[in-house]
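One structure below.
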Amino acid sequence: MTKNTKESATVLPKLSRRTFLGAAGATVAGAAVPWSTLEAEVAQLKSEGWEARPCACNVCGGYCGLLAMHKKGEPFTPQTVKIMPNPSHPQRGCCARGASAVWAWAHPLRLKKPMKRVGAKGEGKFEEISWDQALDEIAAKVKAICEKDGERAVAMTSHNFSSMQKWFGAALGTPNVIGHSSTCNSASVMGRRMVFGKGFDSAGKVEPDYERVKYLLCIGRTLNCAMGVSSVLARARQQGARVLFVDPRMPEGAFGDAEWLPIKPGTDSAFIYALVNVAIRENLVDRAFLAKWTNAPYLVEKDSMKPVTAAECCPSATDGTAFVVMDKTSGELRPMGLVKDEKGTVTGFAQPEGVDPDLDFTGTVTGPNGATLEVETAYAVFARTASKWTPEEASAVTGIPAERIATVAREFFTLGGVCDDGWYSSRNGNDNEAYQLMSALNLFTGSLDQKGGFVVTQGGGLKMPSASSSGTKGKGPAGQTWEIPFGKALDKEIYPESSGTFSAVFEAILHEKPYPVRAVFVTGSTMFHREANSNRMAEALRALELLVVQDILPHEIIDYADYVLPSTMFLEWHEYAGVKWALDGNIQLNSAGLTPPEGCEARHEIWQFCEILRRAYPDRAADRLGYAKECRTTEEWKAWFDGMTEKAWAKFIASKNESKPGEGDRIAAEIAEKGWCRTAEKKFGVYPYKKPFGTPTGKPEIVSFLCASKYRDKGLKGLTDFEYPKAYTQPKPRSDEFFLVSGKDSASCSGVTIFTWPTKFLGDRTLWMHPVDAERLGISTGDMIEVTGIDTGVKGEARVTVTNRVMPGSLFSHGFSGGVRTKNLPPEYAWVREGINSHWFATGFAQPVCGNLANNSSVRVKRL
Ligand SMILES: Nc1nc2c(c(=O)[nH]1)N[C@H]1C(S)=C(S)[C@@H](COP(=O)(O)OP(=O)(O)OC[C@H]3O[C@@H](n4cnc5c(=O)[nH]c(N)nc54)[C@H](O)[C@@H]3O)O[C@H]1N2
Ligand SMILES: Nc1nc2c(c(=O)[nH]1)N[C@H]1C(S)=C(S)[C@@H](COP(=O)(O)OP(=O)(O)OC[C@H]3O[C@@H](n4cnc5c(=O)[nH]c(N)nc54)[C@H](O)[C@@H]3O)O[C@H]1N2
Ligand code: SF4
Ligand SMILES: [Mo]
């Protein structure tokens with residue numbers, strides 16, 4: 001244990017830029033793995049009688065390409081199965097969690113048999129029961145609940161398994177299959193929706209061109225945890241690309257040649273406005289691009305930002321719904337409309353030739369009936385907001401020195417910067433606005449859909465049999481359709497743009513608002529390490545009539561379950577899928593070929609769902625899913641389910657052959673050979689130049705017309721000035737109060753690996769504190785502190801690591817390390833209880849309109 005010196009208290013780590021890649025940190029260095037050596041290793045193993053089976057890793061849900069090497073003829077054991085990155089794959093899995101998937105598969109704690117709760121809820125006492133008993137009892141309870149309160153009283157949630165849950169939820173007839181997004185990416189989804197529109201808002205749809213980027217700005221985006229992107233980015237770094245992480249803690253990716261800029265939590269908007277402030281003042285923004293290809297010159301009403309339409313001021317326009325610009329050439333207003341096909345789908349732009357839109361117009365326009373409107377351009381709104389945020393003003397809020405902000409702005413704009421549009425974004429309750437700005441920043445540089453810029457990805461174009469729902473329509477694997485009486489999920493009634501706010505279900509359970517929920521199915525989600533405000537969740541779980549958990553390991557959530565169903569994992573599945581993080585469109589095969597280990601009666605989740613539905617409502621299982629009789633054995637199930645998959649695959653291949661002779665055969669051969677295949681090459685320069693985006697204007701928007709038209713009175717404006725987070729009380733600076741922030745690292749910290757040895761030895765269950773704070777409070781590395789939520793009063797204890805990898809005034813904890821309170825655990829796993837779970841202290845605040853949660857909080861600490 002070392003005492004901190006005054007020097008270490010004030011000096012932040014010095015990071016040299018542009019050193020050799022060899023100096024780059026953890027996973028980014030992973031990218032320096034010589035892939036040819038790996039190819040040679042695979043070839044060598046094959047020559048020794050190993051077979052290479054492709055799989056798509058689902059440990060964090062990224063679907064990176066792996067190879068499961070298996071010694072032919074040997075039973076599957078951790079010794080006879082090696083998990084390796086698939087060397088040729090466009091998104092090669094190269095992180096420690098993927099590699100440890102076999103440990104999770106054969107884990108001593110792997111759930112082996114169905115279990116029924118015998119103790120009190122939360123007590124973690126169970127008896128093992130047969131599959132028949134579990135499925136019959138669950139089916140009977142589901143039926144009773146549906147008869148009493150309707151199908152919508154059954155809700156479901158998961159991390160990555162919504163498509164599995166729809167086999168039950170949609171077929172049963174509940175709209176309440178509600179995912180995890182509000183604790184993960186719903187603010188970044190909403191940010192993209194505001195700027196690029198629907199269809200361009202999911203993770204991976206618009207991306208930095210990581211392979212060619214010259215200057216990448218990552219604001220609260222660590223990359224090194226996420227999805228093999230870092231191995232692609234490493235190629236750009238080898239060419240001298242600069243990477244800058246703006247984060248209250250220094251992520252692993254910022255080792256080596258990248259830079260770290262510590263920022264006070266919740267102040268990202270002020271930082272981004274300041275970058276634009278400098279760029280506008282120094283004439284660095286691409287005004288020509290903004291004027292031609294964004295909604296920047298479009299007129300909006302002053303104050304409300306409501307978009308002005310042709311009907312209001314362009315009497316000659318044929319389309320009254322068109323938006324309006326001031327044409328500099330003619331000095332007149334001109335309509336900017338859209339071309340739509342018979343179905344109403346936007347296919348292009350309808351705007352007069354030769355218009356030169358004025359970016360800066362502000363003034364009064366007169367409507368057909370003589371009424372006048374005070375208007376300005378969207379650009380004027382943005383520029384005015386940004387004008388307040390001089391580097392000095394932003395510095396006072398963000399804690400970043402003003403001169404650094406100015407330098408970053410200049411570098412970003414002159415070196416062809418791209419701002420990552422982010423992913424995990426559930427932090428401070430002002431995140432929608434910050435993520436809107438992260439995407440919008442890329443419009444000011446004009447790099448949209450250009451090589452090395454911010455681009456639209458291609459997509460693989462594969463559809464497999466599934467059950468799904470859209471509005472009030474359910475759809476089955478063979479095209480069956482049915483009515484779902486309540487089309488809208490309950491979170492959407494409260495948060496209209498939600499992409500999954502499960503905390504709304506807690507309210508429905510506890511207060512029957514907007515209506516009661518009595519049963520919940522949790523498929524593969526730790527819940528307690530996912531959802532902010534653990535006490536509120538525990539209270540809701542206790543109030544349920546039925547909680548069913550389908551998992552592979554005994555997480556804290558199972559302690560509250562009435563039934564626990566041992567489930568399969570990706571190494572045991574057979575499926576075709578897309579590749580998430582690549583510019584080209586690709587398809588891959590996930591088929592490691594493993595079966596559950598000896599003594600484990602795990603069954604496929606969709607089988608479990610089909611069986612519960614068949615036992616409760618045999619007609620719905622038969623009519624909607626084509627599941628008329630029980631697939632009793634795993635073999636029968638595989639014949640039915642995998643058979644359906646293979647039939648759909650054969651149809652896909654045939655259709656490809658039909659559209660281009662030989663194309664389907666090429667795809668089939670490449671999948672068989674290497675486990676993945678490119679189906680569409682990325683074409684640059686398409687959006688918005690040749691095809692419109694999904695926004696109201698069809699162009700990327702610097703002021704969101706969706707929000708300005710629909711949500712300005714509901715809490716989300718077209719553009720929002722920086723506001724301090726409402727989710728928690730601001731901690732007092734230089735006191736015993738802190739922001740508590742969290743995130744991930746590359747070695748561990750996903751719920752899947754919580755109980756594995758790498759997490760025991762590499763997982764960090766301490767709280768990071770900056771040396772200046774530690775010195776003021778007399779705390780040293782290894783000391784135990786008490787942590788109290790300022791807004792929740794909840795208490796916890798953790799050891800401290802004193803490090804200047806976190807900024808003064810903030811504490812950092814790893815999201816999935818520590819604070820696991822599962823009762824049902826042998827003593828040798830007691831280490832998982834060490835430390836805190838940051839969700840204990842969080843308020844559970846959800847943003848209006850998109851329902852994004854704040855996982856950050858503020859806490860008070862005391863040395864014990
Ligand atoms: N090891 C590991 N890797 C994973 C996962 C995992 O569980 N474990 N999960 C996967 C999933 S589901 C996701 S969504 C991706 C997410 O991957 P990323 O989107 O790259 O995000 P995180 O790694 O969560 O990092 C979030 C960062 O935000 C910082 N932060 C917190 N508050 C603020 C703030 O107010 N402002 C700023 N600027 N920064 C802030 C945190 O310190 C943290 O470093 O990772 C994936 N990869
Ligand atoms: N403090 C803090 N909280 C966070 C985050 C953070 O950075 N900090 N990150 C947030 C983010 S981005 C996300 S996405 C959420 C994720 O939080 P979770 O939804 O909990 O997701 P995972 O951590 O992936 O946990 C996966 C769960 O599925 C189980 N499982 C694994 N494979 C299978 C399978 O094949 N079948 C079944 N049935 N079960 C399986 C695992 O045992 C585990 O219980 O957490 C959020 N919470
Ligand atoms: S980043 Fe790691 S854990 Fe996530 S999918 Fe890729 S290999 Fe698996
Ligand atoms: Mo996530």
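Whatever order the structure lists them in is the order used to number ligands and atoms, beginning at 1. Computation of the quantities below employed the complete heavy-atom set of this structure, encompassing side-chain atoms and omitting hydrogens, waters and symmetry-equivalent molecules.
Of the N or O atoms in P251, none lie within a sub-3.5 Å distance of an N or O in ligand 1. When only interatomic distances are considered, the shortest N/O to N/O separation between H180 and ligand 2 does not fall below 3.5 Å. Considering backbone and side-chain atoms alike, N428 places an N or O below 3.5 Å from some N or O of ligand 1. No N or O atom of T267 sits closer than 3.5 Å to an N or O atom of ligand 1.
Applying the 4.0 Å criterion to heavy atoms of C64 picks out, from ligand 3, the atoms 1 (S), 5 (S), 6 (Fe), 7 (S). Applying the 4.0 Å criterion to heavy atoms of G743 picks out, from ligand 2, the atoms 7 (O). Close contacts between ligand 1 and G266 involve ligand atoms 34 (C), 35 (O) [criterion: under 4.0 Å to a heavy atom]. Atoms of ligand 3 found under 4.0 Å from any heavy atom of G93, numbered from 1 in the order shown, are 7 (S). Heavy-atom contacts of L223 reach the following atoms of ligand 1: 20 (O) (cutoff under 4.0 Å). The contact set between ligand 1 and F812, taken as ligand atoms under 4.0 Å from a residue heavy atom, comprises 42 (O). Annotation for ligand 2: atoms under 4.0 Å from non-hydrogen atoms of G751 are 22 (P), 23 (O), 25 (O). Annotation for ligand 1: atoms under 4.0 Å from non-hydrogen atoms of C184 are 14 (S). Near D745, the atoms of ligand 1 lying under 4.0 angstrom from a non-hydrogen atom of the residue are 1 (N), 2 (C). Close contacts of ligand 1 with G220, meaning ligand atoms under 4.0 Å from a residue heavy atom, involve 26 (C), 27 (C), 28 (O), 37 (C), 38 (N), 39 (N). Which parts of ligand 1 touch H159 is read off a 4.0 Å heavy-atom cut-off, strictly below it: atoms 12 (S). Proximity to V59 (heavy-atom distance under 4.0 Å) selects the following atoms of ligand 3: 3 (S). Using a 4.0 Å cut-off to heavy atoms of G62, the atoms of ligand 3 that qualify are 5 (S). Atoms of ligand 3 lying under 4.0 Å from at least one heavy atom of Y63, given by number and element, are 5 (S). Within the listing of ligand 1, atoms 30 (N), 33 (C), 37 (C), 39 (N), 40 (C) sit less than 4.0 angstrom from a heavy atom of P248.
The proximity of N856 to ligand 1, defined as any non-hydrogen pair under 4.0 Å, is limited to the side chain. Using a 4.0 Å cut-off between heavy atoms, W573 contacts ligand 2 through its side chain alone, with no backbone atom that close. Of all the heavy atoms of R221, the ones lying under 4.0 Å from any atom of ligand 1 are found in both the backbone and the side chain. Within the 4.0 Å heavy-atom criterion, the part of I263 lying near ligand 1 is the side chain and not the backbone. Counting heavy atoms closer than 4.0 Å to ligand 1, residue D268 contributes side-chain atoms (C-beta onward) but none from N, CA, C or O. With a 4.0 Å heavy-atom cut-off, ligand 1 is reached by the backbone of S742 but not by any atom from C-beta on.
Annotation: side chain of E572 is in contact with side chain of P597 (closest heavy-atom distance under 4.5 Å).
Not one N, O or S atom of C57 sits under 2.8 Å from atom 6 (Fe) of ligand 3.
For the residues H839, K744, H814, E531, the heavy atom positioned nearest atom 12 (S) of ligand 2 is part of K744. Of all the listed residues (R427, E605, H529), H529 holds the heavy atom that lies closest to atom 47 (N) of ligand 2. For the residues G524, P566, S857, the heavy atom positioned nearest atom 26 (C) of ligand 2 is part of G524.
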>> N855 vs S426, test: side chain to side chain donor-acceptor pair (under 3.5 Å). Steps then yes/no.
In response: CA-CA 6 Å; N855 290 344; S426 304; 4.9 Å; no

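A tilted orientation is assigned to the rings of H604 and W637, their planes being inclined by 30° to 60°.
There is a side-chain donor-acceptor pair under 3.5 Å between H89 and Q588. Looking at T183 and E531, their side chains never bring a donor and an acceptor atom within 3.5 Å of each other.
Using a non-hydrogen distance threshold of 4.0 Å, W423 does not register as a contact of ligand 2. Not a single heavy atom of G422 lies less than 4.0 angstrom from ligand 1.
Geometrically, R221 engages W581 in a cation-pi contact defined by less than 6.0 Å to the ring centre and at most 45° from the axis.
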